[in-house]
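Data block below; observations after.
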Amino acid sequence: MPAKVILLSLILIIMVSITMVTVEFFLPLSAKADMNLLCRKYALQMEICGGLTLNSKNELYEKLSEIGFKDIVIEGTERAAFGDELNLKVEVGYIYNKMSSFFTRSDVSKRMIYHKTSISRKVIN
Amino acid sequence: MRTLRLLLRSNVNGGGASEVVLGTAIIVLILFPVFSGVVEKYIINVKAQIIKDALDMTNISTYVSIDSKYLGKTVVIHNEPEVEAIYRRLLACNLNLNEDLSPKACSIADGKVMIEDITIYSGEQATTCPLGTEIIRPTVHSLVIVPVKPSLYRQIILKALGKNSLELKVHVDSDIPVDN
């Protein structure tokens, strides 16, 4: 009987730990997916507008801040004619609380980068 | 399983110990691989999505940057060297690759990327791409093989099989926006 109790407790602790680690493992992945989605929207907008306008840059900055990213750096081609290359590079810091061992938690910082190149579709007269 | 349990229980002196062994075996051989499988599947899906986004952007950019003479005269451009050269350059930028499509340090790819197929449908006639997607508008079809690094259990399994990476075949058909 005591063996059963110990075994069940052990299994329970391991299960809870695995579940927590799994959920926490998905947090940065989910944040990166959100960041990619947002940046992609602005990259496509850049294709149409022929560059990253100051308004768009500020808007992107605010939206990334709302998601919870820190130390945001946005670099984008400001003006490009039809057929010219457009670059959008966004660097952010993502800080989240993570289980580091069975009984301790600590803040972890991850640097995430989105860097894409496309071609301008804006015809400048 | 029940027979095994009964067999283990029949050993009165070692009953408790055998249950611990059985429980540990269940955790190591069933629970861990199942969790690992789910996590692995999710990671592969996320990587495939990132590659698809990069390919989509590359497809549209290739269409915009090719010479208009192609778009004016032909309806289907299949693996044209000039188009492939543009596509290769843009793909290298978007997937963080070298000019020969081998990966740079921070690339999602784990090995040399291969462009299997690149076809541009510039007409508006209904057709289907080689992989069966219906095409009704100007579209760029691309099929690219990207080796990605597996993690957790699959990495061990692939190593045992003598492979280092998992080859993802990514197919993207990008509709070209008509109006700005």
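Just so it is clear, the values below take in all heavy atoms, side chains as well, and ignore hydrogens, waters and symmetry mates. Residue numbers start from 1 in every chain, and the chains themselves are labelled A, B, ... in the order their sequence lines are given, proteins ahead of strands.
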Taking atom [atom1] as the centre, does [X] end up with more than 12 heavy-atom neighbours from other residues, nucleotides or ligands that are less than 6.0 angstrom away?
{"X": "Ile136(B)", "atom1": "CD1", "result": "no"}
{"X": "Glu78(A)", "atom1": "CD", "result": "no"}
{"X": "Lys32(A)", "atom1": "NZ", "result": "yes"}

same_hphob_cluster([X], [Y]) at 4.5 Å side-chain heavy-atom cutoff:
{"X": "Met57(B)", "Y": "Ile176(B)", "result": "no"}
{"X": "Leu143(B)", "Y": "Val170(B)", "result": "no"}
{"X": "Leu166(B)", "Y": "Met114(B)", "result": "no"}

Problem set entry | Asp56(B) and Arg40(A): CA distance, side-chain angles, deciding distance, salt bridge (charged side-chain N to carboxylate O under 4.0 Å, His left out) verdict | CA-CA 10 Å; Asp56(B) 186 41; Arg40(A) 184 179 149 73; 2.5 Å; yes

Exercise. Got His115(A) and Asn96(B) here, is their nearest side-chain heavy-atom distance under 4.5 Å?
Worked result: no

Exercise. Can you find a pair of side-chain heavy atoms, one from Phe26(A) and one from Val46(B), that are under 4.5 Å apart?
Worked result: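 No, side chains not in contact.
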
For this session: Among the options Thr58(B), Val39(B), Val38(B), Leu95(B), pick out the one with the most heavy-atom pairs lying under 4.5 Å from chain A.
Result: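 Heavy-atom pair counts peak at Val39(B).
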
Problem set entry | Residue that, paired with Ile119(A), satisfies side chain to side chain contact (heavy atoms under 4.5 Å, CB included) out of Leu90(B), Ile86(B), Ile60(B) |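 That would be Leu90(B).
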
Exercise. Top residue by heavy-atom pair count (under 4.5 Å) with chain B, among Ile113(A), Thr117(A), Leu37(A)?
Worked result: Thr117(A)

Seminar exercise, completed: Output for pair (Asn87(A) CG, Cys93(B) SG), nearest 0.5 Å, gives 7.0 Å

